[in-house]
Amino acid sequence: MDGGFFLAQLDFCPDMIYDHVTDRQGQDQRGPDVEQLPPLFPRRLPRPRVFRTRLVLDQISDRKIIDDYRLSRTAIYELYQEIREDIDPTTARSHAVPGIVKLLTVLQFLATGTFQHVLGGNSGVDQSTVSRHLTQVLRALKKCVRKHIVFPMGVEEHRKIKTGFFKIAGMPNVLGAIDCTHVAFTPPSDQEMQYRNRKMGYSLNVQAVCDANLKILDVVTRYPGSCHDSYILSNSALGRKFAEGRIAQGWLLGDAGYGSKTWLLTPITIPRSDAEKRYNESHISTRCTIERTFGVLKSRFRCLHISGGSLQYSPEKVADIVLVCCMLHNIALRHNLDIDIDIVVPPEVDITPLATGSDVSRGNAVRRQVIREWFSQPREAV
């Protein structure tokens, strides 16, 4: 085949560069009378990676930062300082993705629950890169969880929590409101039955305890949607602490699905006396703080709500996502960042038959004593 004809068939682009054909000593093999032609295998110039300037927080308004990332400028910078050693590039390459870009991209994903929204914004990275950054940033953020989510053990801390709950509706000695909420995801096909909840969807069943200000004091994220709420509590570290008496002089408030315990008060199924009715009203008003907490959490981080789509990750990574979102929720509260609650999480009582026995009997006795001492008279007359 004629060489000139073959070369004429090649498509040349303006962003290509060419090397002359040389021998091993770097000398041109074609001689002085041969026209200088491009090689048969042109090299394409690499495109530089561009991180758009709008990712620099100083160029974004305070309102937009909160809308896009759910945290304030100050909160984001503080969080970045906590984890920068784990997410900043370890290479000196000029086009390595900056740590702050990784953090912002992951925050926006958690806020929206979809990669497409992130990619349609200004992150300057593609979906596969976002996925890698999610793993790295989640791992870094998990190291900070114990700093931001902790159940207080001090007497003075307990007093403040009890005071906060008592101001709501006169319920005494409350150290936390407890409940579970489901986070939808798509499990591996061979594990579907394990994660199928009673509504026939697939989820993790997440237990949380909050204070009167909606701060999350304890969270358990690893149990599948098929698990009963009371089972999760009895197998959690916090549940064992209460059961063993390591946390005394107070109790949790839970729905009827948990069963009455000496350290967990539930509502009366059929209240008969005025005192029992007043107790139930106080219990409902006080315990609803955990439902509001779930509402704020899922409104702030749409990845946790079904409106953001079912998460397409392994159960372990979904558990990490939930845990990190709970931590970020507490950080947002500490920075006084309010959010409009457009997701209402209705109370759900697991109808699975409850265990009966001496523990429930003792719990009922404690509940009767509380009703007798605190709700025998209307609150105004106490």
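Atom set for the values below is all heavy atoms of this structure, side chains included, hydrogens, waters and symmetry mates excluded. Heads up: numbering here begins at 1 and tracks the sequence.
Summarising the geometry of Y258 relative to D229, their closest heavy-atom pair is CE2-O, 3.6 Å, with the distance given to 0.1 Å. When all heavy atoms of I87 and G99 are compared, the closest pair comes out as CD1-O, 3.3 Å. Residues T289 and A177 share a closest heavy-atom pair of OG1-CB, 3.5 Å. Shortest non-hydrogen contact noted between S230 and H228 is OG-ND1, 2.7 Å. Taking every heavy atom of both residues into account, P89 and V97 meet most closely at CG-O, 3.1 Å. The two residues F294 and D179 come nearest to each other via the heavy atoms CZ-O, 3.6 Å.
Looking only at distances, a side-chain donor or acceptor of S234 sits under 3.5 Å from a matching main-chain atom of Y231. When atom types are taken as modelled, the side chain of T221 and the backbone of L323 share no donor-acceptor pair closer than 3.5 angstrom. A donor-acceptor pair under 3.5 Å links the side-chain atoms of W251 to the main chain of P172, judged by distance alone. With hydrogens and angles disregarded, a donor-acceptor distance shorter than 3.5 Å links the side chain of R367 to the backbone of P267. For the pair N213 (side chain) and K215 (backbone), a donor-acceptor distance under 3.5 Å is absent.
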Check the pair T163 / R159 against side-chain contact (heavy atoms from CB on, under 4.5 Å), numbers first and verdict last. CA-CA 6 Å; T163 300; R159 186 192 65 79; 4.0 Å; yes

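Rounding to the nearest 0.5 Å gives a distance of 14.5 Å between NE2 of H329 and CG of L110. Rounded to the nearest 0.5 Å, atoms NZ (K142) and CZ (R146) are 10.5 Å apart. Distance check, rounded to the nearest 0.5 Å: SG of C326 to CD1 of I321 gives 12.0 Å. Summarising the geometry, atom CG belonging to L214 is positioned 11.5 Å from atom CD belonging to E291; distances are rounded to the nearest 0.5 Å. Atoms CG and CZ, from L337 and R70 in turn, are 11.0 Å apart once rounded to the nearest 0.5 Å. Taken to the nearest 0.5 Å, the CG atom of D67 stands 11.0 Å off from the CD1 atom of I60.
Relative ring orientation between W263 and F242 is described as parallel, the plane-to-plane angle staying below 30° on a 0-90° scale split at 30° and 60°.
Exactly one residue among I178, I247, I290, D218 makes a side chain to side chain contact (heavy atoms under 4.5 Å, CB included) with L252. That residue is I178.
Salt-bridge annotation for D211 and K160: absent, with no side-chain N of the basic residue lying under 4.0 Å from a carboxylate O of the acidic one. Salt bridge status for R73 with D62: present, with a side-chain N to carboxylate O gap under 4.0 Å. A salt bridge links E82 to K147: at least one charged side-chain nitrogen sits closer than 4.0 Å to a carboxylate oxygen.
Within a 6.0 Å sphere centred on CD of E85, heavy atoms belonging to other residues, nucleotides or ligands number 12 at most.
No hydrogens or angles considered: a donor-acceptor pair under 3.5 Å links the side chains of Q312 and T186.
For Y195 and Y202, the distance between ring centers is not under 6.0 angstrom.
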